[in-house]
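Take a look at the structure below.
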Amino acid sequence: MSILVTGATGQIGSELVGALRQRYGADQVIASARRPGNLPAPFELLDVTDRSTVEKVVSQYKIRVIYHLAAVLSATGEQDPQRAWNVNVGSLLNVLEVARNQGVHQVFFPSSIAVFGPNVPRDRTPQEACLNPTTMYGVTKVTGELLCDYYTRKYGVDVRGLRYPGIISSETPPGGGTTDYAVEIFYAAVEKGTYTCFLREDTRLPMMYMPDCLRAAIELLEAPNSRLRYRVYNITAMSFTPGEIAAEIRKHIPGLRVEYKPDFRQAIADSWPRSIDDSPGRDDWGWKAEYNLPQMVEDMLARLRGRQAKLLSTPS
Ligand code: AKB
């Protein structure tokens, strides 16, 4: 069963490749990205906005499952909305078209809490709610969810997805998201002891640690299709504010100083849910998060400090 991961050098993609290779075998998982990365082979340069190259890679490796991670995130998307549309929607359409034409069994689509706008309950936002996003990123994710439903219903491609919250990870920094502060604060705390946060101290957002993010995608695709009421599910692990994560980090780094200077990303965060109701995923395919805020902070700091110690001990 050959698996293709697009966007494999990105924050989720770079760790998903390792998780999939560990589970299904290294030679069964093809990593791909627009630019070379330091991922072990098999790796293919792949611009997912060019359908012919998607067709070529899927055919060459007889791909049966595609995890489509390539995308422009919310903050970057607001700097160039037209590019965000072209990349996010154009590449998904390419993946879905190639999937239906070449008999790909499954496609994973990473949706986002960004599909929600300010006109839905912001606490424990339900699975079924009006989707009126205020960002182009959110518009592309709503469009993506509609395409997932359509290609599953009309062509029988088994497309599944998750409305991911902010994802925190230690291996590859995120790029261009509104939730990126929750990763940046760890690096700043370990390296400098001070951080300037681009959101207000009290901005509550749904979040998840990378191990939970990866396991959720794999478990969703392995779930019996008959159990699934939806193509794309709400999912979360925790919700916290910059003030709360800073306080948790201070339990390990007491001197951490954080300054709050909201920028354009504050308006994006203010349009998103403060917390998510992910009970449909718990009921339908047994979703259960394993990391809460204290557990994530402890693990993140151990990993970053370990890497820092290795760097300091390596002769320059
Ligand atoms: C972003 O901040 O844009 C992403 C997301 C929540 O989808 N991390």
Side-chain angles (χ1 to χ4, degrees), residues 6-7 9-16 67-81 83-85 87-89 91-92 108-118 120 122 125 129 131-145 148 161-187 197-200 203-214 216-217 232-242 245 262-276 278 289 296 300:
T6 72
T9 54
Q11 180 196 18
I12 297 176
S14 59
E15 295 197 54
L16 180 62
Y67 283 80
H68 180 48
L69 278 302
V72 172
L73 298 186
S74 59
T76 304
E78 286 308 289
Q79 313 289 0
D80 188 345
R83 177 174 175 267
W85 174 268
V87 171
N88 293 4
V89 177
S91 67
L92 176 62
F108 175 77
F109 169 68
S111 187
S112 161
I113 57 172
V115 296
F116 298 110
V120 297
R122 294 188 64 207
T125 303
L131 303 182
N132 300 108
T134 61
T135 63
M136 176 58 89
Y137 173 67
V139 169
T140 71
K141 290 302 183 182
V142 172
T143 307
E145 291 194 14
C148 292
L162 294 169
R163 290 171 179 164
Y164 277 133
I167 303 297
I168 292 104
S169 63
S170 61
E171 300 313 309
T172 306
T178 300
T179 58
D180 290 3
Y181 88 87
V183 179
E184 293 173 356
I185 192 169
F186 282 100
Y187 286 86
C197 182
F198 54 76
L199 295 181
R200 271 196 330 266
T203 308
R204 184 170 302 281
L205 287 170
M207 297 282 183
M208 177 179 285
Y209 195 29
M210 183 62 82
D212 277 337
C213 165
L214 304 176
V232 183
Y233 279 83
N234 277 6
I235 194 167
T236 190
M238 59 188 104
S239 283
F240 55 74
T241 66
I245 191 172
D263 66 14
F264 74 98
R265 288 167 283 193
Q266 186 64 51
I268 297 173
D270 289 343
S271 73
W272 286 356
R274 285 187 285 263
S275 62
I276 292 286
D278 61 2
M296 175 187 70
M300 271 289 284

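Just so it is clear, the values below take in all heavy atoms, side chains as well, and ignore hydrogens, waters and symmetry mates. Whatever order the structure lists them in is the order used to number ligands and atoms, beginning at 1.
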Nearest to atom 3 (O) of ligand 1, what protein heavy atom do you find, and at what distance?
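The protein heavy atom lying closest is Ser74 OG, 2.6 Å.
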What protein heavy atom sits nearest atom 8 (N) of ligand 1, and how far off is it?
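Checking every protein heavy atom, the shortest distance to atom 8 (N) of ligand 1 gives Thr179 OG1, 3.0 Å.
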Side chains of [X] and [Y] only: does a donor on one sit below 3.5 Å from an acceptor on the other?
| X | Y | result |
| --- | --- | --- |
| Gln11 | Thr172 | no |
| Glu78 | Thr135 | no |
| Thr178 | Ser74 | yes |
| Thr203 | Gln266 | yes |

Counting only nitrogen or oxygen atoms and a 3.5 angstrom limit, does Tyr164 reach ligand 1?
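The answer is no, given that Tyr164 and ligand 1 share no N or O pair closer than 3.5 Å.
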Option whose closest heavy atom lies nearest to atom 5 (C) of ligand 1, chosen from Ala71, Ser112, Pro110
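Checking each option, the heavy atom nearest atom 5 (C) of ligand 1 is found in Ser112.
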Closer than 4.0 Å to some heavy atom of [X] - which atoms of ligand 1 meet that?
| X | value |
| --- | --- |
| Thr178 | 1 (C), 2 (O), 3 (O) |
| Trp272 | 1 (C), 2 (O), 3 (O), 6 (C) |
| Leu73 | 3 (O) |

I'd like to know if the side chain of Ser14 and the backbone of Gly10 have a donor-acceptor N/O pair within less than 3.5 Å.
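Yes, the answer is positive, given that a donor and an acceptor are paired below the 3.5 Å cut-off.
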So do the side chains of Thr179 and Trp272 get within less than 4.5 Å of each other, counting heavy atoms only?
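Side chain of Thr179 against side chain of Trp272, heavy atoms only: contact under 4.5 Å found.
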